[in-house]
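Step one of this worksheet: look at the structure below.
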Amino acid sequence: MPSLAHWKTRQALIAYGLLLPAIVYFATYFYYPIVVELWASFFRGAPLIGEARFAGFDNYIQAITDERVRRALWITLVYAVATTVLTLVIALGLAAILAGPVRANNAIRAVIFFPYIISFVIVALMWKSLLDPYTGILNSILFAFGLEGQNWLGMPQTALPTMIAITVWKDVGYAMLIYVAAIQGIPASLYEAASLDGASRRQSFFSITLPLLAPTTLFLAVISMISHLQDLSAPYLLTNGGPANATRLFSLHVYEAAFVELNIGYASALSFLMFLVILVITFIQFRLLGRQVSYA
């Protein structure tokens, strides 16, 4: 009979053997690129593909003191926060309605979710056509009511809000389905007890539904913020950062530094700074929203 220590060792080896593919995957495609990026950020030029010279912290100093970088970071924060908040609020409202016995709610959910699975290339082409200042449907509707048309993606005042609205339209379906599943997982007995105590639907929503959705909200907020802080497709495909750099997100600035200016070292420093920003924002989100909720 094998000893207890031998059996535990065998179990541990089996566990590590099963985990090995995941460990290799994350080490190769996540941790190794971070280390290489950090190393490259201390060089000028193209340290990974060409000539480069050691620059120490010069890339970081340049990034911190560059007005364009600070402006791009500010625009990115506005874009990410606005998109995340609007997506979650709209998705929660839709989920609260569609989680109930609404006629054809499955079809309605499918229609709202459909934009999420469409490539952003198609989304960008579609919305640029709809928002065209001369031939777009939206301006045609405004003209029909005697209103003045807008150059939605061509004016600094409207470009960023329009890009935010398009992103929310695309993402809200995913968040809605997650919220629907979470709401349907809340025990009906809690609502029954609240009803017996005389609570209205509004009171039940704010006292039961909303608090119990805190873990779901945290999950959606974190993945949405991380995604939108790194978003490149929206500014690149819709506005190319214009007009007047009104939609020049941080990721687009990094892209141009790396692949247009071929300054890989500086782009690596910018990327690592964004990595630190994402860590800080994620930590803040966990502190603000990371409450443990129990149904008991």
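None of the values given here were measured: they were computed from a predicted structure.
- What you find for M176 and A91 is that their closest heavy atoms are N-CB, 3.5 Å.
- Atom CG of L232 has more than 12 heavy atoms from other residues, nucleotides or ligands within 6.0 Å.
- Aromatic pair W127/W152: centroids not less than 6.0 angstrom apart.
- In this structure, the side chains of H228 and D171 come closer than 4.5 Å at one or more pairs of heavy atoms.
- Hydrophobic clustering (side-chain heavy atoms under 4.5 Å, transitive across Ile, Leu, Val, Met, Phe, Trp, Tyr) keeps L147 apart from F143.
- Between the side chains of T167 and Y79, at least one donor N or O sits under 3.5 Å from an acceptor N or O.
- Put simply, the side chain of Q184 never gets that close to the backbone of A181: no donor and acceptor are under 3.5 Å apart.
- When every heavy atom of A269 is checked against every heavy atom of N59, the shortest pair comes out as CB-CB, 3.6 Å.
- No side-chain donor from either of Y266 and S41 sits under 3.5 Å from a side-chain acceptor of the other.
- In terms of heavy-atom proximity, P156 sits nearest to P243 at N-CG, 3.5 Å.
- Between P215 and P211 the shortest heavy-atom distance is CD-O, 4.5 Å.
- Rounding to the nearest 0.5 angstrom, the gap separating the OG1 atom in T239 from the CG atom in L160 is 9.0 Å.
- At least one cation-pi condition fails for K170 and F120: the charged atom is not both under 6.0 angstrom from the six-membered ring centre and inside a 45 degree cone around its axis.
- Between Q150 and M155 there is no side-chain heavy-atom pair separated by less than 4.5 Å.
- Linking ILVMFWY residues whenever their side-chain heavy atoms come closer than 4.5 Å, directly or via other members, leaves L229 and I64 in distinct clusters.
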Give the C-alpha distance, both sets of side-chain angles, the deciding distance and a yes or no for side chain to side chain contact (heavy atoms under 4.5 Å, CB included) between L138 and L131. CA-CA 6 Å; L138 186 56; L131 298 174; 3.5 Å; yes

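- One finds the CG atom of L270 at 10.0 Å from the CG atom of L73 (value rounded to the nearest 0.5 Å).
- Judged by distance alone, the side chains of D132 and T135 do bring a donor and an acceptor atom under 3.5 Å apart.
- Relative ring orientation between F272 and Y60 is described as perpendicular, the plane-to-plane angle rising above 60° on a 0-90° scale split at 30° and 60°.
- Atom CH2 of W74 has 12 or fewer neighbouring heavy atoms from other residues, nucleotides or ligands inside a 6.0 Å radius.
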Give the intermediate values and the outcome of salt bridge (Lys or Arg N to Asp or Glu O under 4.0 Å) for residues E256 and R248. CA-CA 11 Å; E256 292 182 354; R248 185 181 177 84; 2.7 Å; yes

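- Of the options I183, I112, L177, a side-chain contact (heavy atoms from CB on, under 4.5 Å) to L98 is made by I112 and by none of the others.
- Under a 3.5 Å cut-off, the side chain of N139 and the backbone N or O of P133 do form a donor-acceptor pair.
- By the criterion of side-chain heavy atoms lying less than 4.5 angstrom apart, applied directly or through intervening Ile, Leu, Val, Met, Phe, Trp or Tyr residues, V69 is not grouped with L262; the two fall into different hydrophobic clusters.
- Under the 4.5 Å side-chain criterion, counting only non-hydrogen atoms from C-beta, I75 is not in contact with T247.
- For the pair S251/T76, no side-chain contact is recorded, criterion being any heavy-atom separation below 4.5 Å from C-beta on.
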Side chain to side chain contact (heavy atoms under 4.5 Å, CB included) for V277 and F250? Distances and angles first, verdict last. CA-CA 11 Å; V277 170; F250 197 89; over 6 Å; no

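- Going from atom OG1 of T84 over to atom CG of L220 covers 10.0 Å, rounded to the nearest 0.5 Å.
- Checked against the 6.0 Å centroid criterion, the rings of F283 and F286 do not qualify as a close aromatic pair.
- Two residues are said to be in side-chain contact when any heavy atoms from C-beta on lie closer than 4.5 Å; L88 and S224 fail this criterion.
- Between Q230 and the choices V254, L249, I278, the side-chain contact (heavy atoms from CB on, under 4.5 Å) rule is met once, by I278.
- In this structure, I264 CD1 and S271 OG are separated by 9.5 Å, a value rounded to the nearest 0.5 Å.
- Atom CZ of R201 has 12 or fewer heavy atoms from other residues, nucleotides or ligands within 6.0 Å.
- The hydrophobic cluster containing I118 does not contain V111, counting ILVMFWY residues as joined when their side-chain heavy atoms lie under 4.5 angstrom apart, directly or transitively.
- For the residue pair R109 and A99, the shortest heavy atom distance occurs at NH2-CA, 4.1 Å.
- Enclosure of atom OH in Y236 is not indicated, since only 12 or fewer non-hydrogen atoms of other residues, nucleotides or ligands lie within 6.0 angstrom.
- In this structure, P47 and W39 have side chains that are in contact, with non-hydrogen atoms separated by less than 4.5 Å.
- Put simply, the side chain of L212 reaches to within 4.5 Å of the side chain of L190, judged on heavy atoms.
- Closest heavy-atom contact between F42 and F57: CE2-CE2, 3.6 Å.
- Residue E148 places its CD atom among 12 or fewer non-hydrogen atoms of other residues, nucleotides or ligands, all under 6.0 Å distant.
- For the residue pair Y174 / T87, no side-chain donor-acceptor distance below 3.5 Å is found, with atom types taken as modelled.
- Under the 4.5 Å side-chain heavy-atom criterion for grouping Ile, Leu, Val, Met, Phe, Trp and Tyr, I122 is connected to I117 within one hydrophobic cluster.
- Grouping Ile, Leu, Val, Met, Phe, Trp and Tyr by side-chain contacts under 4.5 Å, direct or through others, puts V24 with L20.
- With rounding to the nearest 0.5 angstrom, the CG atom of L13 is 11.0 Å from the CG atom of L18.
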Please determine whether side chain to side chain contact (heavy atoms under 4.5 Å, CB included) holds for the pair Y179 and T217, giving the CA-CA distance in whole Å, both sets of side-chain angles, and the decisive distance to 0.1 Å. CA-CA 8 Å; Y179 270 133; T217 301; 2.8 Å; yes

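- Rounding to the nearest 0.5 Å places CG of L238 at 9.5 Å from OG1 of T162.
- Counting heavy atoms from C-beta outward, L77 and I281 have side chains that approach closer than 4.5 Å.
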